[in-house]
Amino acid sequence: MFSAFSALSARARTGRRPGAARLAAATLTSGLVVAGVLATAGTAVAEETPQSPGGATATITGLKTYGTAVIRENGEEQQVSAGLFEMSVEGGGMLQTYCVDAHNPTQRDAKYHETPWSGTSLDGNKDAGRIRWILQNSYPQVNDLAALAGKAGAAGLTEQDAAAGTQVAIWRYSDGADVEAVDPEAEKLADYLQKSARNLAEPGASLTLDPPAVSGHTGERLGPVTVHTNADSVTVTPPVAAMAAGVKVVDESGKVVTSAVNGSRVYFEVPEKAAAGSAELTLQASTTVPVGRAFASETRSQTQILAGSSESTVSAVARANWAKEGAIPALSAEKNCAAGGVDIKAANVGDEPFTFDLMGIRHTIDAGTTETVTIPLQEDQAYDFTIRGPNGFEEQIKGVLDCATETEAAEGGDSVQTLSEPSPATAGAASTTGTDLAETGSSGATLLIAGAAIALVVVGGGALLLARRRNSPSQEQE
């Protein structure tokens with residue numbers, strides 16, 4: 001059964017984000033071009049650092065319940081399908097989503113990760129909170145269609161009408177689109193939702209860790225790593241190889257940890273005689289993902305926003321790196337749509353500087369400090385690079401920057417490459433009746449979305465934006 005989830009933190013936005021494409025175009029120069037896939041960087045032993053802080057990972061299975069809408073742009077009209085998608089969650093569970101990226105296609109079997117609004121085109125959108133209100137006050141969260149029709153002044157609503165009207169209202173806020181539902185009753189719903197919507201705060205993550213990476217000296221407790229979740233309990237799976245070397249996962253009192261709750265603080269306890277090394281700690285839970293969470297793809301596939309969730313598997317990974325002396329780095333990465341790039345946070349709790357090369361530029365993190373390096377990228381650009389350090393330390397960072405709708409990118413001076421289908425699927429075929437997951441938790445027949453892959457670009461060389469924060473390791477962990 002799907003349920004609404006109250007916001008955990010306030011988020012105030014007053015306008016659209018700066019032109020990320022403009023920034024990237026001005027700062028990046030040469031690079032390696034690859035079509036449809038990410039370039040490989042580093043060695044096979046490099047640990048991958050995805051730009052997802054944790055939560056649900058899912059594969060889109062298709063557009064399930066939808067109607068027809070008309071998008072007007074540059075004096076032209078195009079009919080498109082508008083409605084509700086379904087996703088299959090890794091480890092178990094189903095999600096229902098609407099898209100917040102009307103001009104881009106949905107790629108077949110694309111994999112998605114739960115993502116903060118700051119890592120999507122919702123960043124800087126002053127109306128993002130209104131989209132969340134629409135999701136909480138329309139289909140499928142509200143499955144009493146007669147009551148919903150009454151509020152909208154509609155004679156009646158089918159599931160297809162409700163899904164189409166909801167998607168149209170979302171597009172008006174997510175893309176600023178001039179769009180209408182073809183069905184008159186669906187259009188009444190879209191108008192009602194648009195006029196009634198008010199700003200709500202961004203919902204908290206289903207599961208995330210802060211920080212996702214820690215480091216320290218042998219003989220110490222590394223951490224803490226704080227758990228943030230809406231699940232009742234989280235299973236903690238310690239690293240097997242590290243345990244064999246005497247490394248333990250403990251709480252503040254030193255007790256071995258096998259489970260955690262929201263607010264728990266866990267540590268890696270490393271023996272004094274342990275050899276320099278690293279380990280990963282996996283946390284997993286079963287919960288409903290909060291309505292309004294964004295989902296970004298690993299490729300260039302339409303950004304989604306959550307409308308409903310069954311009980312689903314969510315997970316997060318914490319990394320630890322330790323040594324007796326020298327540089328001891330900890331790295332994490334996060335998309336930063338406001339800056340049009342990826343933030344790499346590099347902390348060094350060692351007693352020597354940590355120096356690494358990235359995209360032709362050398363960076364040095366002094367002992368006992370943390371530095372954030374912002375890598376400016378072009379919209380729709382794939383990136384894949386490896387950072388190497390002492391004692392065989394390697395971290396691979398990869399993903400795709402997807403921060404703007406087509407309209408936003410065009411206003412910034414660089415048009416986003418689009419396919420012939422600007423939305424979930426071209427309209428023309430009769431609307432299908434999808435299964436209401438909010439009532440049954442099951443899935444109906446799959447409608448897969450056609451579309452060719454977009455060429456992805458990995459750009460090397462050029463200026464990097466540095467935002468240096470001089471903090472001690474203990475300050476960073478508080």
Side-chain angles (χ1 to χ4, degrees), residues 34-41 46-64 84-101 104-117 119-122 205-208 212 280 282-287 289-290 293-310 312-317 333-335 337 342 377 379-384 396-403 419 421 424-425 437 443 446-458:
V34 288
V37 296
L38 294 170
T40 301
E47 293 185 62
E48 182 181 336
T49 303
Q51 279 65 74
S52 172
T57 297
T59 300
I60 199 161
T61 58
L63 184 64
K64 297 296 184 178
L84 199 60
F85 288 88
E86 286 182 14
M87 291 188 185
S88 176
V89 179
E90 286 188 5
M94 294 293 296
L95 307 177
Q96 292 178 310
T97 61
Y98 290 101
C99 91
V100 288
D101 195 2
N104 289 305
T106 303
Q107 295 182 4
R108 183 186 299 268
D109 297 327
K111 182 176 286 188
Y112 284 78
H113 298 283
E114 186 179 340
T115 304
W117 289 356
T120 72
S121 58
L122 294 174
S206 60
L207 175 61
T208 189
E280 285 189 349
T282 301
L283 289 85
Q284 191 173 87
S286 181
T287 187
V289 182
R293 289 296 289 172
F295 278 78
S297 71
E298 293 183 349
T299 55
R300 189 62 178 94
S301 186
Q302 218 171 42
T303 301
Q304 304 283 311
I305 192 164
L306 189 74
S309 167
S310 71
S312 298
T313 299
V314 297
S315 62
V317 173
E334 185 176 9
K335 292 179 184 177
C337 284
V342 175
L377 300 167
E379 177 67 15
D380 299 332
Q381 181 178 323
Y383 51 90
D384 190 341
Q396 183 184 16
I397 299 169
K398 68 179 183 179
V400 177
L401 190 71
D402 182 9
C403 289
L419 304 183
E421 298 180 356
L437 279 176
S443 61
T446 300
L447 174 67
L448 294 177
I449 311 307
I454 296 176
L456 305 177
V457 181
V458 178

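On a predicted model such as this, the values are computed, not experimentally measured, just so you know.
Side-chain atoms of Gln302 and Thr106 include a donor-acceptor pair closer than 3.5 Å. For Gln107 and Thr299, the side-chain atoms include at least one donor-acceptor pair closer than 3.5 Å. No donor-acceptor contact under 3.5 angstrom links the side chains of Thr303 and Tyr112, judged on distance only.
A pairwise comparison of heavy atoms in Ala316 and Gly54 identifies CB-CA, 4.0 Å as the closest pair. Nearest heavy atoms, Thr59 versus Asp109: CG2-O, 3.5 Å. Across every non-hydrogen atom of His113 and Thr57, the tightest pair is ND1-OG1, 3.0 Å.
With sequence neighbours excluded, the residues that form a side-chain hydrogen bond (donor to acceptor under 3.5 Å, both in side chains) with Thr287 are Asn230. Residues forming a side-chain hydrogen bond (donor to acceptor under 3.5 Å, both in side chains) with Thr208 (at least two apart in sequence, or on another chain): none. In terms of the side-chain contact (heavy atoms from CB on, under 4.5 Å) criterion, residue partners of Ser312 (sequence neighbours excluded) are, by chain and number, Val89, Leu95, Ser309, Ser310.
Listed for the Glu114 side chain is no donor-acceptor partner under 3.5 Å among the backbone atoms of Gly55.
Contact check on Lys398 versus Glu298 returns no salt bridge, with no Lys/Arg side-chain nitrogen under 4.0 Å from an Asp/Glu carboxylate oxygen.
Looking at Val289 and Val314, their side chains come closer than 4.5 Å, going by heavy atoms from C-beta outward.
Rounding to the nearest 0.5 angstrom, the gap separating the CG atom in Leu306 from the CD atom in Gln96 is 8.5 Å.
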